Amino acid sequence: MVTGASDGIGKAIAVQLAEAGLNLVLVARRQELLKALAADLTRKHRIEARVLAFDLGQPVAAGAVVAATESLDVGLLAAVAGFGTSGRFIDGPLDRELDMIDVNCRAVVDLSHHFARRFAAQQRGGLILMSSLLAFQGVPRAANYAATKAFVQTFAEALRLELSPCGVDVVASAPGPVRSGFEARANMRMSAAAEPEVVARQTLAALGRQTTVRPGLLSKFLEASLVPLPRGLRSRIMGVVMGGMTRHQNDNGEKQDRGFA
Ligand SMILES: NC(=O)c1ccc[n+]([C@@H]2O[C@H](COP(=O)([O-])OP(=O)(O)OC[C@H]3O[C@@H](n4cnc5c(N)ncnc54)[C@H](OP(=O)(O)O)[C@@H]3O)[C@@H](O)[C@H]2O)c1
């Protein structure tokens, strides 16, 4: 099961799982994109693909996804759905920030709880959780987004240790900038970015082998540069980086509603 399968990293993971011959449950809001992907993968790889169009920001959505997959033999949850905002926290609308916590954190916990129980009972399974390079320190101009990813990172690290004796693998995937729909929705400008296919491949390869994978050369380089530094200094440096990625907001004279394309 792949959430966030209509675009970007989730779509790339779904494609690579289909290439490996796995049946799929594809979850996101944009039903038409999911249906087109399901039709394409079914035709090319002779797999079965089911589409579940839900808004994971709605508290009832995860339960509905669980109910719709009750009769299926699910062995992997890739909880990829998520989005970011950018700009000063106090300048954007609160409801968008709270929705981001619901999608990036609440739905991830909800789905992980259900599927990890199922996987533990069957003594096999895997969880892929989407962290970020931003998860490892506070990041000015992406304060709440970085915090949601810190939550997922910490959650995944602990789950890996809890679940590995039950035969369940957990990996946190922490890419740097990735070329996807994320950039426009978060109203960021990325000058260099990894391709979603690379992130997907390295993330799938890390499942069962690593606690945290940093897919893409850029994320490895940035992490290696930041790791030796004190956390406060890392925050300041990431604030400068994020300042560059959101400079256009000042150029455009954007004062309100930052971060929402
Ligand atoms: N791109 C980056 O630079 C980057 C870096 C580090 C980590 N990440 C993380 O990687 C994950 C995937 O991002 P991406 O780069 O692939 O972005 P993307 O291309 O924008 O894809 C995001 C996916 O999440 C789904 N989604 C968003 N809100 C949803 C909601 N309320 N309910 C259900 N599905 C929802 C979207 O589908 P619908 O719009 O159809 O609902 C889409 O399939 C996110 O968790 C993100 O935080 C991204």
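In this chain, residues are counted from 1 in sequence order. Worth saying up front: this structure is predicted, and the values here are computed from it rather than measured. Ligands are counted one by one from 1 in listed order, and the atoms in each one are counted from 1 as well.
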Practice task
Can you figure out which of Gly216, Gly176, Ala194, Pro215 has its heavy atom closest to atom 5 (C) of ligand 1?
Solution key: Gly176
Exercise for the section: Take every heavy atom of Ser131, measure it against each atom of ligand 1, and state whether any distance is under 4.0 Å. Expected result: yes
Exercise for the section: Going by heavy-atom distance to atom 18 (P) of ligand 1, choose the closest among Phe83, Phe182, Tyr145, Phe54. Expected result: Phe182
Handout entry: Distance from atom 15 (O) of ligand 1 to nearest protein heavy atom, with residue and atom
Key = Ser180 OG, 2.5 Å
Practice task
Please report the closest heavy-atom contact between Leu34 and Leu26, naming both atoms and the distance.
Solution key: CD1-O, 3.7 Å
Problem - Ala81, Ser132, Ser219: member with heavy atom nearest to atom 24 (O) of ligand 1 - result: Ala81
Exercise for the section: Report yes or no: does Pro196 have a heavy atom closer than 4.0 Å to ligand 1? Expected result: no
Handout entry: Nearest non-hydrogen protein atom, atom 36 (C) of ligand 1
Key = Ser6 OG, 3.7 Å
Problem - Transitive ILVMFWY side-chain link Leu24 to Val80, under 4.5 Å - result: yes
Problem - Gly84 near ligand 1 by a heavy-atom separation under 4.0 Å - result: no
Handout entry: Contact with ligand 1 for Ala186, non-hydrogen, under 4.0 angstrom
Key = no
Practice task
Report yes if Val27 has an N/O atom closer than 3.5 Å to an N/O atom of ligand 1; otherwise report no.
Solution key: no
Practice task
Decide whether the shortest distance between a heavy atom of Met190 and an atom of ligand 1 is less than 4.0 Å.
Solution key: yes
Practice task
Run the contact test for Lys11 against ligand 1 with a 4.0 Å cut-off on heavy atoms, strictly below, and give the result.
Solution key: no
Exercise for the section: Identify which of Met245, Arg179, Met100, Lys149 has a heavy atom lying nearest to atom 45 (O) of ligand 1. Expected result: Lys149
Practice task
Distance to 0.1 Å, residue and atom name: give those for the protein heavy atom nearest to atom 6 (C) of ligand 1.
Solution key: Pro175 O, 3.4 Å
Problem - NZ or CZ of Arg141 within 45° of Phe89 ring axis and under 6.0 Å - result: no
